[in-house]
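Below is one structure; the comments refer to it alone.
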Amino acid sequence: MNATFQHQGAGQKIQKELLNDWYQHLEDAPSRGEKVAYLFISGNIGELLQACGLHLVYPEVNALQCGIKKVAGPNILAAEDLGYSGDVCGYVKNDIGMMLGGNKMPHGTQLPKPDLLVCNYAGCATYLRWFEALAEFYDAEMVVIDVPYLRGMGGATKEEVKYVEDQLRELVVTCERITGQEFDPAAYERAIECTVKSEDLWVQVLESAKHTPSPIDAYFEAVFFMAPIYTMRGTQGCLDYYQAVAKEVQERLDMGMGPVAEEKVRIVIEGPPAWPHFRKFWEMFKKWGAVSVASTYSKVGGIWDLGFRHDVSRPFESMAEYMLGCYTNRNWGMRSELIRGYLEDYSADALVIHSVKSCRSFSVGQADLREQFILDFEGPTLFIDIDPSYPLYFAEALVKNRIYAIFVAL
Amino acid sequence: MSRLEQLVQTARLEVEDNEFAVARAWKAEEAGRACVGYFPVYVPAEVIWAAGALPVAVWGGGDKIEVELADARIQSFICSISRSTLELGLLGKLDFLEGMLFSSLCDVARNLSGVWARNFPGTYVDYLHYPQNLKSGAARGYYRDDLERLCGEVGKLTGRTPSDADLAAAIELYEEQRRLLRELSAVRCEEPWRLSLEELQILVRAAGRRDPRRHNAVLVEVLELLPQREVRQKDGVRVVLEGSFCEQPALELLRTLDQAHCFVVDSDLGRGLRWFKEPLSRCGDPWDDLVTAYFDHAEGSVVRHHSPSERSQRLVARARESRADGVMFCTAKFCEPAFYDFVLHKQALDRAGIPYLAVEFEEKMGSFESIRTQAETFAESILFFTEEEATA
Ligand code: SF4
Ligand code: SF4
């Protein structure tokens, strides 16, 4: 690394340490008699569960790690042997396949069983089916936090917020029963305070891409940048991480440095990444000097760049608002408005829609979105479909051709 | 053609009519009437009826429609009902609907609400969120409020604000319909040769298309005629059919099962129209009655979250209650909720020693021969096994 750069890679190093620590604590939890909750990323309530003394497992994160480490294939096949159809969400099959194989992560961590399955059902109906299956296989208790899908364009209503908030308060009682320990409201508030600071920094990182050239790739890089805010929000480690990343980004801005040597095209990407082909896929864009300046997948766990922040004076209510507002819990009218806003605010030249066959929460509506943007948006709209965790689905030549066609046109 | 056959034939033509002539005619009869369509599975029809509109089940185009326009808007790996329903809309065949409702059934149904809103900007498009945390003390109140909200929205289309008495009367009407449909299903369960599965399905589905008063009268007449029907008892195996709660298999597929001597004696066909397993309990407040219906009377189905394993236990119980020899999973291609249930159900059936068969269907299927062969083999294997047991 050039001697003038002082902060590059700092975030990555911290993230690695945080994750190692996290998994170590998790693995040892049962031996300390501590309890473990499984939950989902979208609209997750990590701060609350941690203040209840629970360790957290995010099966989606495990699935994407298996995807990126290219070990998802055998897991998926194991689940299919059990009877899961080729057409269901690859993440679910990966998780169930991994469970059948002893619940060991690719890096070796032995994941503990769930003492509680918290189905924060925000935006994906598969979440319900996934934890229903785990509840059966592990014989574990399952609680649904029912988050109504938003309708209209005005955001959540008071009644919806109240409904979710009431459920969060009820959940605390369940957690107390499971852990045998009292909920610590002060710890929860401290966590929320920490969360808000991380959220501010995260938005700063995302919005740095408004700059030309963009210092970050808001899709291919952001999916790594987003990990702590979606899994460890509310911890000091998470805040440390975003402080480091903010410096890293600022330094790139100061140096005029970005993810490609020369930024030629600015794109907005909608949809989840193709994990097993992540690098290859990125290369296909880099080759054209294409940089994603905004993406929806980096908002999958929560949206802060529209102004929302957790609020320590209303810790339960603002948590409910957060859950209701996450990306897949928004209807297509809201999603397309968000994307349109990104295209404008980030001066993007093209929209890339990445459709993932087995993830209907994203994919149903994406083709219609393409229709809409072909009609309304002045730049080109590229539509690509791949499965994120199933290595066999990647038709490399086809994807390359499509990308080629659009960038030549640009 | 006997009177009974005539009644069924009329219903068949209406169920298969992608022009929805009957609903259009119903609306034209009186000023101020409206029609509100709904995508499967369930809708609180009582609320819509009380507000002066006809709830119309818009459950795909069946095998009578080619998906072309919708192809650009919903990918080919999504279930056919979502694609053909959108096709109906894009072809203008649903232009008589003032409203269209979608629900939290699955990600497809939910996201379709947004696709609909964009493609049909003049229509009232709504999304109904059915609570999934049934244990929460807040869920019933939330649902009740949402029912009232729906009522207000439909009322805007018709200009009517129904009283509690109007809603109670609507509940009465649909309770009568559900009672008649239960009776009809009981005939099928007791003597499958008296009422074919195809006929039963036609009469169930017609309930989603017709003025409930008119259809109730038809059901009453059918039930009076059925005992007099001349029939011959047939041999076959008794099966519970599961997995067709949303997209509906072609009538020919159902006919094929009867021909293969697989007698479906209980099923989730047309689930939304006969979801409640017993008469609703009534408390004097009709809104609360509808809430209780959803929370306490709904049959185990992936349409709603039940406590884990409850659904599978209910399937086993239903198989026992209907004295079924086996279970047939009849699942729409690409129907994710049904696929998830299948794994848990089959494990429960294995534990209970109940044999099962799984087949997949699409709205438009070229041939049912493969399903016929599978059903015949399944029936034979059950019969063989039963004989073996008897001689052992
Ligand atoms: S369907 Fe999509 S959003 Fe839902 S769990 Fe699977 S990958 Fe995640
Ligand atoms: S057929 Fe299945 S996937 Fe399709 S809309 Fe119905 S429930 Fe959803």
Side-chain angles (χ1 to χ4, degrees), chain A residues 79 82-85 87-89 92 96 117 119 121 123-126 128-136 140 142-146 148-151 159-160 162-167 170 328 331-336 355 357-372 385, chain B residues 71-75 77-78 82 86 104-115 117-119 125-139 141-142 145-146 149 302 305-309 311-312 331 333-344 346-348 358 360:
Chain A
L82 195 68
Y84 284 99
S85 157
D87 290 311
V88 306
C89 168
V92 180
I96 288 172
L117 295 158
C119 180
Y121 163 55
C124 171
T126 298
L128 288 170
R129 311 283 91 90
W130 187 342
F131 273 10
E132 281 169 358
L134 293 196
E136 178 72 12
M142 167 176 175
V143 177
V144 181
I145 303 297
D146 183 29
Y149 182 67
L150 297 183
R151 47 169 96 84
E159 292 74 20
E160 285 160 346
K162 173 81 173 47
Y163 174 41
V164 177
E165 185 187 344
D166 285 353
Q167 294 177 74
E170 290 166 346
T328 49
N331 60 60
W332 272 111
M334 299 176 91
R335 292 192 207 182
S336 78
S355 178
K357 189 170 177 267
S358 77
C359 174
R360 284 154 176 86
S361 180
F362 269 94
S363 64
V364 180
Q366 281 180 326
D368 190 58
L369 187 79
R370 171 189 56 191
E371 288 294 297
Q372 182 182 0
D385 35 0
Chain B
D71 213 31
R73 291 163 177 88
I74 303 183
Q75 298 94 310
F77 55 78
I78 314 289
S82 58
L86 184 61
S104 44
L105 165 68
C106 66
D107 292 334
V108 177
R110 190 200 54 197
N111 285 9
L112 197 54
S113 64
V115 174
R118 187 186 84 79
N119 283 281
V125 181
D126 208 342
Y127 162 83
L128 303 177
H129 185 89
Y130 297 116
Q132 304 296 326
N133 181 356
L134 303 198
K135 290 184 197 139
S136 168
Y142 169 81
D145 288 350
D146 209 39
R149 185 189 65 81
V302 72
H305 168 67
H306 297 254
S307 71
S309 79
R311 283 203 296 273
S312 301
T331 307
K333 199 163 180 208
F334 305 122
C335 177
E336 219 182 351
F339 291 147
Y340 287 119
D341 253 15
F342 168 67
V343 179
L344 302 185
K346 85 183 174 77
Q347 294 186 341
E360 260 186 38

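Chain naming here is simple, since letters A, B, ... match the order of the sequence lines and numbering starts at 1 in each.
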Chain A contact via B:F342 - which portion, at a heavy-atom distance below 4.5 Å: side chain
Would you please classify the geometry between the B:Y142 ring and the A:Y163 ring as parallel, tilted or perpendicular, with 30° and 60° separating the classes? parallel
Please flag which part of B:R118 lies under 4.5 Å from any non-hydrogen atom of chain A: side chain, backbone, both or neither. side chain
Determine the option with the most heavy-atom pairs under 4.5 angstrom with chain B, choosing from A:W332, A:W130, A:F362. A:W332
Per-residue tally against chain B (heavy atom, under 4.5 Å) across A:L82, A:D146, A:L134 peaks at A:D146
Residue from B:D341, B:V108, B:V125, B:I74 scoring the most non-hydrogen pairs under 4.5 Å with chain A is B:V108
Is it true that B:E336 and A:R129 have a side-chain N and a carboxylate O under 4.0 angstrom from each other? no
Residue A:R360 versus chain B: region with a heavy atom under 4.5 Å: both
Could you have a look at B:G114, B:C335, B:S136 and say which one has the most heavy-atom pairs with chain A under 4.5 angstrom? B:S136
I'd like to verify something: which residue of B:D146, B:L105, B:T331 has the highest number of heavy-atom pairs under 4.5 Å with chain A? B:D146
Turns out that what part of B:V302 lies under 4.5 Å from chain A's heavy atoms comes down to both
Answer with side chain, backbone, both or neither: which region of A:S363 has an atom nearer than 4.5 Å to a non-hydrogen atom of chain B? both
Mind ranking B:V115, B:D126, B:D145 by heavy-atom pairs under 4.5 Å with chain A and telling me who comes out on top? B:V115
Measure distances from A:V164 to the heavy atoms of chain B and classify the residue's part below 4.5 Å as side chain, backbone, both or neither. neither
If you count heavy-atom pairs under 4.5 Å with chain A, which of B:A72, B:S309, B:A358 comes out on top? B:A72
Among the options B:R110, B:Q132, B:K346, pick out the one with the most heavy-atom pairs lying under 4.5 Å from chain A. B:R110
Could you check whether A:E165 pairs with A:K162 (Lys NZ or Arg NE/NH1/NH2 to Asp/Glu carboxylate O, under 4.0 Å)? no
Can we say A:E132 and B:R311 salt-bridge, meaning some charged N sits less than 4.0 Å from an Asp/Glu carboxylate O? yes
Among the listed options A:A135, A:A133, A:C119, A:G123, the residue most often paired with chain B at heavy-atom distances under 4.5 Å: A:G123
Between A:E160, A:E136, A:R335, A:Q372, which has the largest tally of heavy atom pairs under 4.5 Å with chain B? A:Q372
